[in-house]
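The structure presented is a predicted model; accordingly, all values stated were derived computationally and were not measured. Every chain is numbered from 1 and lettered A, B, ... according to where its sequence line falls, protein lines coming before strand lines.
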Amino acid sequence: MTEEKYILRVENIKKSFGTNEVLKNVSVNVKKGETVCFIGPSGTGKSTLLRCINQLTIPDSGKIFLNDEEVTHAGPRINYFRQKIGMVFQNFFLFDHLTAVRNVEIALIKVKKMKPAMAREKAIFELKQVGMAEWAEHYPAELSGGQAQRVSIARALAMDPDIMLFDEPTSALDPELTREVLEVMKKLVQQGMTMLVVTHEMGFACSVANKICFMEHGLIKEEGTPSELLNNPEFERCKAFIGEFREYSQ
Amino acid sequence: MDQVTFVLDVMIPAFQNGLLMTLALVAITAPFGLLIGIGVACGRVYGGKGVSWLMKMYAVFFRGCPLLLLLFILYFGLPSFGIVLSPFVASVLGFIFCNSAYNSEYIRGSMISVKEGQLIAAKALGMTRNQAILNIVLPQALRRSIPGVSNEFIYLIKYSSLAYMITVIELTGASKLIATKYFAYNETFFAVAIVYLALVTITTFGANALEKKYAIPG
Amino acid sequence: MALEILIDWFPYLLSGISLTLGLVAAALIIGVGLGLPLALGQVYGSLPVKTVISIYVWFFRGLPVLVLLFLFYFGIFPAMGLDLPAFYVGAVVLGLWGAAYQSQVFRGAIQSISEGQMTAARSLGMSRFQAIRSVILPQSMRIALPGWSNQYPEILTESSVCYAIGVAELLTRSSQIVSQTYVTMPIYLACAVIFILLSYAGTTGIHMLEKKIAIPGFGPGGS
């Protein structure tokens with residue numbers, strides 16, 4: 001084996017909300033260009049884990065490194081790391097008072113201090129990437145869920161992040177809208193983006209993930225490549241979950 | 001005169017009388033303000049074109065005209081038409097006009113928000129239009145307007161102070177008189193402020209309790 | 001006869017408009033300038049800050065404007081060694097009083113913005129301050145506008161209470177005319193009409209502004 005070089009290291013993260021231990025001890029390493037999917041029942045800490053990575057939720061203990069720089073305990077420098085860590089939310093969280101293109105460019109202007117003209121150019125480019133350029137002047141309320149989610153992906157991509165976090169990006173969408181968002185995400189995978197994805201879309205996870213982590217009760221119970229998880233008899237819990245999940249969703 | 005004697009012998013008796021007068025103004029105004037407010041609201045929502053317009057003008061005039069000016073009209077203006085009102089009656093009348101105009105807005109708002117289906121369902125049961133309004137729409141609308149109406153009641157406590165400007169010696173008047181007489185402005189006005197804050201705070205708690213009690217589930 | 005007197009004195013009455021509007025403008029400007037920081041402090045401040053602001057709001061909303069005017073005009077300002085003209089006292093008191101009410105309009109609007117907006121802004125690397133400035137405030141100000149503009153007619157009518165400390169605004173002037181001419185009703189009614197027209201004109205103007213800055217699907221007038 002060659003020497004492992006990780007872009008993101010998550011080490012022994014623990015997080016409790018009151019008496020509820022949401023993350024018991026989670027460690028994950030991600031290599032550049034990898035896609036890691038997190039699956040498992042709801043309420044098992046998948047979303048909390050993502051939020052801990054960019055410190056929207058501060059973990060109780062454990063460390064996180066991006067390119068060997070510590071993200072935890074970064075103080076005000078966290079705002080620099082957050083530019084490097086793009087995030088996409090289940091409910092899009094587009095800024096409701098701004099058009100699509102203004103949504104994408106606002107952080108470029110306010111955070112990256114880019115000139116408005118350059119920011120606009122970049123924003124249009126990113127909107128093209130997600131197939132939303134012709135909707136640039138529309139407000140979030142005028143977009144379908146799938147369109148809004150694609151804009152929010154463009155908004156995160158515009159910051160030129162090293163990795164992207166997707167927190168159940170399609171859970172709030174109808175099936176046909178889910179497809180358009182997944183297409184955009186697949187394109188990102190092909191372009192070599194490093195991605196961490198919390199999802200219930202097993203088909204997506206199995207087709208693009210380099211690694212699938214099955215989480216339960218605040219722990220990564222089983223992890224492996226999609227084919228390992230599906231074919232290897234030692235990953236029983238995960239298979240049972242997928243089976244149940246398929247039943248429910250049909 | 002030392003502070004203790006001032007408070008015990010001057011301030012407290014004056015405030016007692018003033019407080020009684022304030023409470024009398026509020027207590028007489030409030031029920032009329034509510035009833036007339038309901039009437040004006042009903043006229044606006046269910047009246048014919050003419051009635052509806054008249055009721056609207058009532059609300060526009062008495063909400064747009066400063067209350068103090070209204071008191072002057074009633075107290076100084078009406079005598080030129082041969083109508084002479086005592087300061088107390090003029091105050092209460094002015095407060096009723098003002099209070100009912102604002103209440104009518106809240107009640108009208110909640111009447112409109114009662115779904116049309118309610119009225120249709122009541123008519124389908126054989127109720128007349130008036131019965132339906134009285135038994136079905138109003139009870140719902142009144143509950144919904146409790147926050148607005150009780151807010152208006154709190155306003156009433158505060159603007160009852162304007163009666164002093166036409167020589168009714170209520171709380172503010174009582175405090176102004178002794179403050180001027182004894183050159184004790186800060187002490188007296190802070191003291192009267194505490195009395196008002198107590199009145200308003202107690203009323204707020206009462207209003208919140210009332211709101212909870214009559215909340216409609218869902 | 002009465003009509004002639006009204007016409008003779010009408011310019012004098014009208015010139016009271018500038019003082020009335022001056023009081024209203026002061027109340028609105030101080031109301032925003034002080035009310036907005038108060039609202040931000042109440043939402044984002046530490047516990048002591050929140051407590052102090054709550055007490056401020058409770059005090060100014062719990063008292064009649066008349067009592068506040070007496071308190072500041074005869075009590076607090078003289079005790080501070082300030083000998084301010086009545087107009088300034090009226091403007092400051094209406095401003096402090098208006099700030100208490102307006103802060104609650106702003107606070108409600110800020111709190112109505114979903115937490116996701118802040119989360120998304122922070123996830124892009126904005127500081128808390130940047131997020132409040134570029135995301136939270138532009139949204140909440142639009143939401144606050146109708147509630148805020150509802151303050152205008154209230155402040156307008158309340159400004160007449162400054163009569164009690166002798167500010168020569170509309171009501172004071174009409175009373176002066178009445179005591180000069182012994183004509184009462186026409187003068188007072190003219191004064192009432194001016195107040196109602198001012199109220200109507202201001203409200204209409206604000207509604208036009210609301211329409212102009214409305215955003216599709218967002219806030220009042222947008223959806």
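Residue A:I153 holds its CD1 atom at 11.5 Å from CG of A:L127, rounded to the nearest 0.5 Å. The CE atom of A:M195 lies 4.5 Å from the CZ atom of A:F166; values are rounded to the nearest 0.5 Å.
Contact annotation for A:R51: only side-chain heavy atoms (C-beta onward) come within less than 4.5 Å of a heavy atom of chain C. Using a 4.5 Å cut-off between heavy atoms, A:I109 does not touch chain C at all. In this structure, the portions of A:F95 lying under 4.5 Å from any heavy atom of chain C include both its backbone and its side chain. Heavy-atom distances place no part of A:N91 under 4.5 Å from chain C, backbone and side chain included. Interface residue A:L94: only backbone heavy atoms are found under 4.5 Å from chain C. Heavy atoms of C:Q130 lying under 4.5 Å from chain A belong exclusively to its side chain.
When all heavy atoms of A:Q149 and A:F89 are compared, the closest pair comes out as NE2-O, 2.7 Å. The minimum heavy-atom distance linking C:T203 with C:P153 is given by the pair OG1-CG, 4.5 Å.
For a heavy-atom cut-off of 4.5 Å, chain A lies close to no residue in residues 29-54 of chain C.
Interface check for chain C: of the options A:M87, A:R82, A:H138, the most heavy-atom pairs under 4.5 Å are formed by A:R82. Most heavy-atom pairs under 4.5 Å with chain C, from the set A:K84, A:K112, A:M159, A:K110: that is A:K110.
Between A:D60 and A:K15, at least one side-chain N (NZ, or NE/NH1/NH2) sits under 4.0 Å from a carboxylate O, which counts as a salt bridge. One finds no salt bridge joining A:R155 and A:E105 here, because no Lys/Arg side-chain nitrogen approaches an Asp/Glu carboxylate oxygen to under 4.0 Å. Taking the charged nitrogens against the carboxylate oxygens, A:D68 and A:R9 do have a contact shorter than 4.0 Å, which makes a salt bridge. Between A:E126 and A:K122 there is a salt bridge, with a side-chain nitrogen of the basic residue lying less than 4.0 Å from a carboxylate oxygen of the acidic one.
Residues A:K32 and A:Y6 form no side-chain contact, since every pair of their non-hydrogen atoms from C-beta on lies 4.5 Å or further apart.
Under the 3.5 Å distance criterion, with hydrogens and angles disregarded, no donor-acceptor pair is assigned to the side chains of C:S127 and A:N79.
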